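Model, not experiment: these values are computed from the prediction. Below, each value reflects all heavy atoms present in this structure, side chains not excepted, and no hydrogens, waters or symmetry copies.
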Amino acid sequence: MEKSCTLLVHFDKGTPAIATEIKEALEGSDVPAKIDAMKKAVSLLLNGETLPQLFITIVRYVLPSEDHTVQKLLLLYLEIIDKKDQKGRVLPEMILICQNLRNNLQHPNEYIRGVTLRFLCRLNETEIIEPLIPSVLQNLEHRHPFIRRNAILAVMSIYRLPHGEQVLVDAPEMIEKVLSTEQDQSAKRNAFLMLFNCDQNRAINYLLTNVDKVSEWGELLQMVVLELIRKVCRTNRGEKGKYIKIIISLLNAPSNAVIYECAGTLVSLSSAPTAIRAAANTYCQLLLSQSDNNVKLIVLDRLNELKSSHREIMVDRIMDVLRALSSPNLDIQRKTLDIVLELITLRNINEVVLMLKKEVMKTQNGELEKNGEYRQMLIQAIHSCAIKFPEVASTVVHLLMDFLGDSNVASAIDVAIFIREIIETNPKLRVSIITRLLDTFYQIRAARVCCCALWIIGEYCLSLSEVESGIATIKQCLGELPFFSVSEEGEAPTDASKNSQQPSSVTVSSRRPAILSDGTYATQSAASETAFSPPSIVQGSLAVGNLRSLLLTGDFFLGAVVACTLTKLALRLEEVQPSRGEVNKVSTQALLIMVSMIQLGQSPVLSHPIDCDSYDRIVLCIRLLCSTGDEVRKIWLQSCRQSFVKMLSEKQLRETEELKAKAQVSYAQPDDLIDFYHLKSRKGMSQLELEDEVQDDLKRATGEFIKDGDDANKLNRILQLTGFSDPVYAEAYVTVHHYDIVLDVTVINRTTETLQNLCLELATMGDLKLVERPQNYTLAPESSRQIKANIKVSSTETGVIFGNIVYEASNVLERTVVVLNDIHIDIMDYISPAVCTDAAFRSMWAEFEWENKVAVNTIIQSEKDFLDHIIKSTNMKCLTAPSALDGDCGFLAANLYAKSVFGEDALVNVSIEKQLDGKLSGYIRIRSKTQGIALSLGDKITLKQKGGS
């Protein structure tokens with residue numbers, strides 16, 4: 001068992017102190033050496049050494065010391081040494097300590113008295129404490145408040161010992177008298193805390209007697225009052241009307257900690273609109289007044305909880321919450337926007353969007369280093385607003401289009417995606433968006449943004465003028481053709497140049513094409529000798545050639561998108577342009593551009609040639625422009641947009657399903673009791689109490705009070721720990737709540753004898769830690785006992801809890817041990833499905849370093865059924881759209897995502913293929929920032945993927 005201490009002392013294991021050296025230093029008169037020796041002794045004791053030979057030395061040479069540091073170290077030493085023998089009896093030499101403690105409690109120095117009283121709070125041996133009680137009680141009336149407040153805590157600790165009530169029978173009455181006369185705020189707080197823990201009725205009587213003075217009490221005492229109110233109202237909800245007025249009065253307290261606790265207490269005790277409104281107002285005030293970012297994040301968490309349960313009240317506070325955007329911290333800004341986006345209604349959408357527009361404009365000044373990330377969050381928020389309320393799109397779309405050329409590529413991509421969606425969902429804005437896009441297209445510098453903008457131009461340029469402007473804009477941004485050239489140098493070659501690896505000169509007698517040594521073509525004049533240099537890139541004007549500069553870096557995917565856009569515009573021009581000659585001219589220019597891009601890709605001027613996919617795409621566009629059929633024209637001009645519309649509808653459907661999943665599900669029984677508000681007596685009830693009664697009735701009627709009481713679910717979580725033939729039967733109900741695991745163990749004595757000193761001994765493996773060791777019990781024949789054990793969790797690694805039940809029987813001399821079954825804490829208790837964007841998923845996938853690759857080994861033969869089985873087994877969310885999983889093509893790839901209660905992200909990629917024999921093969925790759933979740937999730941998938949339960 002670990003030994004606890006109230007002070008953390010550094011201990012260097014590399015140079016352990018020798019007991020004889022410590023003893024010599026303690027016997028000397030040098031105080032610094034004595035202090036150093038005491039520190040070494042305490043360190044050794046805390047690390048498992050016993051040092052029994054030092055006790056008498058310390059009694060003789062350290063007890064008489066008047067030095068304060070030595071006395072404090074002495075008390076630490078006395079706290080951690082073993083004071084009882086193996087049979088549980090107090091050691092005889094402890095009597096020597098009692099006399100010293102009594103002297104310290106009567107010492108003229110206040111510090112010595114105070115630290116000794118504080119030391120008594122940590123003693124559990126009644127035999128040592130009992131002779132000191134008269135001295136402790138005398139200190140309750142000492143003139144110095146430091147001694148009085150520690151004396152009150154000592155009385156409380158003594159009274160709470162197993163036999164403390166017999167030793168200090170009238171302790172609550174004495175402390176109540178002290179409380180009524182005490183002037184020091186800390187001492188009053190300690191006295192009230194003693195009554196709160198030891199005699200709750202006296203504490204309640206004192207509080208109700210001094211209701212009018214509560215607002216004048218100190219901060220510490222007000223905090224204890226709020227804790228008492230919460231405890232009383234949890235046990236008896238009918239009495240909360242007495243205390244609501246106290247909480248409301250404390251909302252105006254000068255202490256921010258008190259008003260924060262007041263707001264939390266109000267929310268936990270009352271669901272009346274007036275109370276919730278007051279709590280929300282308090283949180284908003286704290287959000288704006290506090291400068292500490294951690295405080296702001298905590299307050300935002302409380303506001304988020306209010307939003308989930310009382311959305312209609314939080315809607316009125318939306319602008320107050322939005323003011324938190326003034327903080328430069330990205331986490332605060334992100335959490336604020338997440339809350340606000342779920343509170344938007346038709347009444348406040350205009351105010352919210354106006355505020356977001358102002359924030360976007362502020363990010364243009366470039367003063368803050370993370371302006372780009374903040375701007376991206378604002379753009380995504382405006383995008384969400386415009387999708388929910390299309391009527392506001394016209395007020396923001398033109399402002400956001402200024403950011404298409406943003407240096408932050410992520411925010412520019414978000415703007416492009418936003419425009420692509422708005423132009424489809426708001427047909428009235430199509431003309432103005434296309435006009436503005438064509439005007440600002442040359443500002444775009446990112447290839448991905450150019451691709452999205454080109455797709456919009458190809459799909460939504462419908463009129464003759466728009467098509468012509470679109471073609472002209474693309475030609476202008478591509479610059480003059482060709483993209484590279486071969487220049488002449490006009491000098492006759494020398495012998496050295498002929499023998500070099502550079503392109504050689506060629507003498508011809510007539511004009512004809514010639515192939516140079518590097519594979520390029522050149523035309524040579526008759527009877528002349530001309531030297532040709534290698535082909536070089538023609539840069540063009542960077543001011544207007546954004547497409548050209550991107551192509552010359554080797555981005556031929558963009559080249560393929562340019563070819564597709566030109567093809568769509570040329571095909572659409574045939575429909576809107578009556579002049580066939582003009583159509584042929586445009587088609588010829590488009591073909592020339594495409595052929596030039598292919599030549600550029602096949603030339604040696606670039607470090608890498610054009611890729612096969614882009615080449616095939618550009619060649620397909622060339623063939624289409626040379627010979628077009630009606631079916632092909634329909635595919636290019638109509639099917640692409642229909643697919644986009646289908647994608648948008650699926651996205652909206654997914655968002656709707658997510659909102660339904662978040663909605664609270666309540667169950668009400670038909671025979672539940674309902675109190676009729678209008679038939680109840682209202683005498684002596686305040687408006688807040690009346691509102692609270694109404695809300696309670698509504699919750700009872702809708703089943704909100706019992707929504708967590710699913711008996712079938714509880715039965716599934718009961719684990720049998722011992723066998724039916726064991727003399728002691730035990731079973732555990734395991735509750736996992738965030739960082740805590742609670743084991744509620746039922747122990748049944750199946751024998752006809754009384755079991756004494758029955759103890760549940762538990763140990764853990766993994767990142768689990770037992771909070772406290774359960775105490776010993778005496779179990780009567782055929783009786784049962786509920787034993788609770790708390791375990792702390794620090795990560796998502798799979799943990800194991802194991803242990804024994806040890807007891808003594810009257811007819812058996814030795815202790816009996818019953819070994820318990822192991823309890824495996826499942827990773828599924830820690831993770832829950834979550835949603836993120838494709839861009840965020842790819843970013844995390846590239847960033848996370850831990851990967852676990854699991855080979856597919858299953859008897860399931862359907863790709864879709866296997867994916868559904870993995871999703872169900874891992875409790876994860878499939879991010880891949882259902883339309884992308886439709887069909888029967890023999891292979892499937894999908895991304896899954898989940899988040900743990902510790903904030904860890906779990907990413908899974910499922911890639912499977914059906915073999916010729918019908919079996920599935922492939923891999924499931926798991927990535928996370930920490931090793932534990934990757935390994936645990938991999939083990940879970942390996943166990944479950946074969947199709948078992």
Side-chain angles (χ1 to χ4, degrees), residues 140-141 145 148-149 152-153 155-156 171-283 285-286 289 681-693 695-696:
L140 289 174
E141 300 175 357
R148 294 201 302 273
R149 68 178 72 130
I152 294 169
L153 290 178
V155 170
M156 179 176 71
E173 186 178 349
M174 285 189 296
I175 297 299
E176 188 177 18
K177 291 179 181 178
V178 170
L179 181 60
S180 60
T181 58
E182 183 60 61
Q183 298 300 319
D184 181 69
Q185 293 297 329
S186 296
K188 286 186 73 170
R189 177 259 181 194
N190 291 351
F192 190 81
L193 183 65
M194 188 274 176
L195 294 179
F196 169 42
N197 288 315
C198 303
D199 195 339
Q200 188 171 299
N201 291 330
R202 288 182 185 272
I204 293 171
N205 291 334
Y206 179 80
L207 174 61
L208 296 179
T209 306
N210 298 274
V211 169
D212 299 333
K213 300 178 183 178
V214 172
S215 57
E216 302 172 4
W217 290 349
E219 174 187 352
L220 296 174
L221 183 53
Q222 289 174 343
M223 297 285 278
V224 180
V225 166
L226 290 171
E227 189 177 350
L228 172 66
I229 291 173
R230 283 196 296 269
K231 183 177 180 181
V232 171
C233 293
R234 271 198 296 267
T235 55
N236 190 356
R237 295 185 64 87
E239 294 187 0
K240 63 183 176 181
K242 299 178 185 178
Y243 305 102
I244 292 291
K245 295 176 184 177
I246 300 175
I247 301 172
I248 296 293
S249 68
L250 288 178
L251 284 174
N252 300 318
S255 168
N256 290 323
V258 171
I259 63 174
Y260 172 80
E261 288 295 330
C262 274
T265 306
L266 264 182
V267 174
S268 64
L269 297 185
S270 175
S271 55
T274 305
I276 301 301
R277 203 171 285 113
N281 187 43
T282 301
Y283 285 140
Q285 288 176 2
L286 289 172
S289 62
S681 173
R682 306 184 191 181
K683 290 181 181 180
M685 296 180 70
S686 65
Q687 180 62 30
L688 188 63
E689 291 176 78
L690 292 173
E691 290 179 11
D692 213 24
E693 289 287 339
Q695 294 298 319
D696 286 352

Quick check against the 3.5 Å criterion: does Asn205 have a side-chain atom that pairs as donor or acceptor with the backbone of Asn201?
yes
Under 3.5 Å, side chain of Asn197 to main-chain N/O of Leu193, donor-acceptor pair present?
yes
Spatial distance of atom [atom1] ([X]) from atom [atom2] ([Y]) [nearest 0.5 Å]:
| X | Y | atom1 | atom2 | answer |
| --- | --- | --- | --- | --- |
| Asn256 | Ser289 | CG | OG | 5.0 Å |
| Leu250 | Ile229 | CG | CD1 | 7.0 Å |
| Thr274 | Ile244 | OG1 | CD1 | 10.5 Å |

Working for side-chain contact (heavy atoms from CB on, under 4.5 Å), residues Ile246 and Leu226
CA-CA 9 Å; Ile246 300 175; Leu226 290 171; 6.0 Å; no
Where at least one partner belongs to residues 175-224, residue pairs that pass ring pair (Phe, Tyr, Trp, His ring centres under 6.0 Å), sequence neighbours excluded
Tyr206-Trp217
What closest approach, in Å, do [X] and [Y] show between heavy atoms, and which atom pair accounts for it?
| X | Y | answer |
| --- | --- | --- |
| Ala257 | Met223 | O-SD, 3.8 Å |
| Ile175 | Ala191 | CG2-O, 3.5 Å |
| Pro172 | Met194 | N-CE, 4.1 Å |
| Ala253 | Gln222 | CB-OE1, 4.0 Å |
| Ala278 | Leu251 | CB-CD1, 3.9 Å |

Any pair with a residue in residues 177-193 that passes side-chain hydrogen bond (donor to acceptor under 3.5 Å, both in side chains), sequence neighbours left out, goes on the list, sorted by first then second residue, please.
Arg148-Glu182, Arg149-Asp184
Output a table of donor-acceptor pairs, distance under 3.5 Å, between side-chain atoms of residues 259-268 and any protein atom two or more places apart or on a different chain; print 'none' if there are none.
from, atom 1, to, atom 2, distance (Å)
Tyr260, OH, Arg302, NH1, 3.2
Glu261, OE1, Arg230, NH1, 3.3
Thr265, OG1, Arg230, NH1, 2.7
Thr265, OG1, Glu261, O, 2.7
Ser268, OG, Gly264, O, 3.3
Ser268, OG, Thr265, O, 2.8

Under 6.0 Å from the CD atom of Glu141, do we count more than 12 heavy atoms belonging to anything else shown?
no
When Tyr243 is tested against each of Leu269, Leu228, Leu208 for side-chain contact (heavy atoms from CB on, under 4.5 Å), which residue passes?
Leu208
